[in-house]
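Just so it is clear: chains get the letters A, B, ... in the order the sequence lines come, proteins before strands, and each one is counted from 1.
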Amino acid sequence: MSYDHRAIEAKWQKRWETESTFEVTEDPTRPKFYNVCMYPYPSGALHQGHIRNYTFGDLLTRYKTMRGFNVLSPMGWDSFGLPAENAAIESGAHPRINTESQIVTMTAQIKELGSMYDWTRELASHDPAFYRWDQWLFLELWDRGLAYKAEAPVNWCPKDQTVLANEQVIDGLCERCDTPVIRRNLAQWFFKITDYSDRLLADLEVLEDWPERVRTMQRNWIGRSEGAVFTIEIEGGGSFDVFTTRPDTIFGMTFCVLAPEHPLVEWLIAGGEHEAAVRDYVAASARISELERLAEGGKTGVFTGVYAINPVNEARVPIYVADYVLMGYGTGAIMAVPGQDQRDWEFARIHGLDIIRTVDPPEDWEGDAYLGDGPTINSGLLDGLYQDDAKRRIIEWLEERGIGKAEVTYRLRDWLISRQRYWGCPIPMINCPNCGLVPVPRDQLPVLLPEIEDYLPKGMSPLAADEDFVNTTCPLCDGPARRETDTMDTFVDSSWYYFRYADAHNDEAIFDPAKPAYWMPLDQYIGGIEHAVLHLLYARFITKFLYDIGLSTVEEPFTRLFTQGMITLGGSKMSKSKGNVVDPVGLFASHGADALRLFHLFIGPPPDDTAWNPNGVDGTRRFLERVWRTVTEDHIFADRAESAEDRELMGLAHRTVRKVTEDIDRFHFNTAVPALMILSNALADYVAGSPRKEVFDGVVTTLLLLLSPMTPHVAHELWERLGYGSMLATEPWPDWDESLAREETVTMVIQVNGKVRDRISVSSDIEPGEAERLALASEKARAWFDGGQVETVVARPPRLVNIVVG
RNA sequence: GCCGGAGUGGAGAAAUUGGCAAACUCGAUGGACUCAAAAUCCAUUGUCCGCAAGGGCUUGCGGGUUCGAGUCCCGCCUCCGGCACCA
């Protein structure tokens with residue numbers, strides 16, 4: 001091999017570090033560019049996904065720096081969370097010891113990649129200096145009623161004896177042990193993200209530089225539905241509210257359904273003849289998993305023995321309890337309209353209930369419930385109206401009588417942030433037998449996570465067993481009290497860490513608002529698609545909250561989001577369990593960081609999944625070898641006047657600058673790399689002929705400038721060897737000259753009836769008339785239209801002329 | 001079921017606006033150099049017919065618009081991802 005990648009990579013990494021090339025401060029005189037790769041969980045080893053992520057991020061950091069931006073690119077660690085605890089349970093080592101040694105290992109690996117960060121801003125979420133401000137943020141939310149504790153049905157794994165986050169439930173099974181998850185009512189902590197539903201939805205429209213599919217996923221997740229709520233009276237007294245998106249079908253209500261967890265159920269059945277049966281059903285539905293519920297197929301449910309009165313026509317309809325109605329959505333109760341709702345139709349069929357159509361289906365309609373539009377029937381005042389008018393009319397009717405009103409409902413639930421786990425940020429609250437829930441005073445933060453011996457999950461937080469931690473005094477009455485023992489979801493940490501980078505060492509405040517006022521919002525955020533909803537939605541929510549309390553000047557944190565594709569091998573995502581992992585660290589040793597980086601840029605479109613090619617890094621290394629040889633070998637330069645060949649190579653260099661610049665700006669790295677290969681190959685051909693020194697020098701400097709964000713070590717080393725004293729990383733990005741980028745001659749295609757029949761070389765500024773004349777004069781083309789009548793000639797100089805023959 | 005995204009050589013892919021389909025890289029085959037190998041370099045490499053010159057066909061399938069369609073329109077098929085009893 002012609003260059004020693006180990007030596008030059010170590011040399012330049014050290015230079016960038018000792019010269020603080022990528023350390024920045026606020027500088028109002030320059031345009032800023034805030035560039036963040038999602039901070040990693042410190043698993044202990046970089047995988048190809050990290051490499052891809054940081055290669056893209058570093059490319060932008062270096063490119064934008066050369067473009068004159070004040071670029072902030074920080075790095076940190078998402079170092080709390082279940083994986084650390086699981087690893088600790090397996091290895092016996094304390095999560096903190098494990099985590100911190102893995103941070104050391106991964107930091108070294110990231111530096112080996114040559115990816116440059118402002119390490120002075122490094123943070124780690126398990127550091128008390130960081131999570132102290134998680135606790136502070138929690139208290140800010142508490143003060144405004146946006147953090148609360150409530151009993152709620154949660155995902156419970158009976159084997160692991162712990163609650164699971166939604167994202168830890170895969171197809172109804174626990175992600176760790178594949179046990180079907182059941183729902184249990186437990187007192188849990190929530191952040192009231194639902195107060196922000198409308199803003200989170202509306203502002204998606206502003207995020208034009210986000211991938212459309214992420215915006216769509218968030219839209220679906222928030223799940224806005226327009227409809228109405230109205231009150232239904234119970235025969236014999238009492239009432240309940242229902243939400244519907246189809247108030248126009250109210251005359252078709254033939255029964256009502258309450259969710260099994262609905263608070264009214266107990267009261268309704270008390271002392272009645274169906275009491276035992278309903279109670280059994282409610283108990284059974286709490287016991288079985290979501291998976292079993294759906295697997296049962298038919299819709300189950302029981303009659304309560306009680307009737308409700310349809311407010312529009314006084315019809316007496318039975319009230320059922322059924323688990324196809326969910327307590328967590330709408331009001332937990334529905335009017336059932338089997339004629340226009342397929343789920344209600346199925347339930348009505350199984351339980352022998354009436355079906356009344358209130359929308360006239362088309363004549364050829366053969367299905368069950370008819371969900372489409374049509375004239376309303378069997379509906380008194382609504383008869384003949386189509387859906388939109390009928391909705392409007394009935395909502396007016398309900399409002400006039402004070403029975404109901406138009407209502408918007410969201411699918412989004414409040415964010416459950418408490419975890420019965422050890423390795424997380426303690427929730428800063430105290431339970432006092434006299435005063436109730438009392439926040440820990442801010443001057444007593446942080447509530448430190450104690451170092452304990454036994455952190456195995458037992459159904460309650462391991463912290464609960466630590467008497468020294470639990471027992472405290474009430475800040476209000478000084479009486480004995482007990483601390484909250486739950487810890488926070490790690491998504492709390494990641495919802496604001498990018499603010500902290502702006503003022504990472506502040507121990508007086510979460511941050512000085514003036515600093516993020518300069519840096520925020522992120523100009524670029526790069527990470528995996530798996531965070532499309534959770535992290536990115538929580539971060540948007542917390543940013544809006546910080547805006548509301550005056551700490552943020554922006555309502556949206558991430559101006560431009562990029563989600564990278566996965567690397568696959570053998571048709572599936574690289575993972576240890578599939579045994580198809582290609583360790584990137586080994587490639588640092590064998591091929592070098594530059595060759596690996598270049599391969600990740602080259603392999604395919606950055607947003608798409610792409611297959612790993614075992615020989616691919618050989619290819620990018622070979623390319624760098626050729627560049628190295630072309631630049632470093634001695635050439636015999638000719639002393640002669642400028643020729644067309646010189647102009648052609650210089651023109652190609654200008655076109656390459658244009659192409660690479662445009663491609664980087666639109667994230668098409670996979671097409672920028674071939675442009676550099678073409679330029680480099682042309683340069684190699686050029687020096688094999690009769691090169692002029694000025695042309696060679698000009699093209700080589702252009703090539704190295706363009707390569708420097710992609711393969712920084714090789715580019716810097718060659719730059720230095722050519723005798724340039726400056727630091728390449730801070731050289732200005734090259735410009736191109738449109739007039740020099742023009743090709744002098746181009747190949748013009750001559751078609752006859754759309755088929756290519758000849759190609760001729762013409763001047764690139766050829767006139768349409770001249771192009772047409774040359775085309776008609778072409779011998780080869782003539783052979784195809786001689787004897788026919790030329791109807792039209794379509795001239796698109798200088799690329800193409802199409803002769804249309806009858 | 002609903003909502004996204006995608007289907008182009010042996011593989012990864014390219015083709016900013018409708019204008020030479022397959023750039024670039026990998027792999028494969030043949031050759032040069034070498035005692036030999038590695039490395040490097042050169043050539044060929046969508047497919048069919050043909051000795052060749054040359055020609056036909058070709059971007060998942062079927063239609064359409066257009067002088068001209070991988071690209072636009074209509075209908076379908078397949079794959080991937082997300083959501084899924086959300087009233």
Would you call B:G12 syn or anti, using the 90° rule around 0? anti

Interface residues of residues 663-676 of chain A with RNA chain B (non-hydrogen, below 4.0 angstrom): A:Arg666, A:Asn670, A:Thr671, A:Pro674

Provide, to the nearest angstrom, the distance between the CZ atom belonging to A:Arg799 and the C1' atom belonging to B:A15. 12 Å

If each of A:Asp685 and A:Asn220 is mapped to the nucleotide of RNA chain B with the nearest heavy atom, which maps nearer the 5' terminus, i.e. the 5' end? A:Asn220

Given that both distances must come in under 3.5 Å, which nucleotide forms a Watson-Crick or G-U wobble pair with B:C41? B:G31

Given A:Ile529, which partner from the list A:Arg213, A:Gln564, A:Met566 fulfils the side-chain contact (heavy atoms from CB on, under 4.5 Å) test? A:Arg213

Could you tell me whether the side chain of A:Asn615 has a donor or acceptor atom within less than 3.5 Å of a complementary atom in the base of B:C26? no

A:Thr792 near the nucleic acid: base, sugar-phosphate alone, or nothing, with a heavy-atom cut-off under 4.0 Å? nothing

Please check if any side-chain donor atom of A:Glu208 sits under 3.5 Å from a side-chain acceptor atom of A:Trp210, or the reverse. no

Looking for any heavy atom pair under 4.0 Å, which part of the strands does A:Gly619 touch: base, sugar-phosphate only, or nothing? sugar-phosphate

Upstream residue (5' side of RNA chain B) when A:Asp608 and A:Glu662 are each assigned their closest nucleotide: A:Asp608

Suppose we screen for side-chain contact (heavy atoms from CB on, under 4.5 Å). Which residues come up paired with A:Asn220, at least two apart in sequence or across chains? A:Thr216

So, A:Gln218 and A:Arg540: side-chain donor and acceptor under 3.5 Å apart, yes or no? yes

Give a yes/no verdict on a cation-pi contact between A:Arg597 and A:Phe602, requiring under 6.0 Å between NZ or CZ and the six-membered ring centre and an angle within 45° of the axis. no

Mind checking if A:Pro605 touches a base, just sugar-phosphate, or nothing, with heavy atoms under 4.0 Å? sugar-phosphate

Quick check with a 6.0 Å cut-off and a 45 degree axis cone: is A:Lys299 positioned over the face of A:Tyr324's six-membered ring? yes

Can you check nucleotides 77-81 of chain B for protein contacts, nitrogen or oxygen pairs under 3.5 Å, and list what you find?
none

Can you tell me the pairing partner of B:G4 across any strand shown, Watson-Crick or G-U wobble, with both distances under 3.5 angstrom? B:C80

Please work out if A:Asp618 contacts a base, only the sugar-phosphate, or nothing of the nucleic acid, heavy-atom cut-off 4.0 Å. nothing

Between A:Val746, A:Thr747, A:Val801, which is the residue that forms a side-chain contact (heavy atoms from CB on, under 4.5 Å) with A:Val762? A:Val746

In the structure shown, which nucleotide is the Watson-Crick or G-U wobble counterpart of B:C57, with both distances under 3.5 Å? B:G46

Pair A:Phe347 and A:Tyr320, ring centroids less than 6.0 Å apart: yes

Mind calculating the distance between CG (A:Leu536) and C1' (B:G82) to the nearest angstrom? 14 Å

Kindly give the atom pairs (protein nitrogen or oxygen, nucleotide nitrogen or oxygen) under 3.5 Å for nucleotides 54-60 of chain B.
residue : atom : partner  : partner atom : Å
B:G56   : OP1  : A:Arg757 : NH1          : 3.4
B:G56   : OP1  : A:Arg757 : NH2          : 3.0
B:C57   : OP2  : A:Lys755 : NZ           : 3.2

Kindly state each residue pair satisfying salt bridge (Lys or Arg N to Asp or Glu O under 4.0 Å) with at least one member in residues 659-674 of chain A, sequence neighbours excluded. A:Lys659-A:Asp663, A:Asp663-A:Arg666

Just grab all the salt bridge (Lys or Arg N to Asp or Glu O under 4.0 Å) pairs involving residues 248-257 of chain A, residues at least two apart or on different chains. A:Arg246-A:Asp248

Checking base pairs now: Watson-Crick or wobble, both atom distances under 3.5 Å. What partners B:U71? none

Name the residue from A:Leu59, A:Thr620, A:Asn670 that meets the side-chain contact (heavy atoms from CB on, under 4.5 Å) definition with A:Leu601. A:Leu59

Quick check on B:U66: is either OP1 or OP2 less than 4.0 Å from any side-chain nitrogen or oxygen of A:Asn802? no

Indicate yes or no: does A:Arg622 engage A:Glu625 in a salt bridge with an N to O separation below 4.0 Å. no

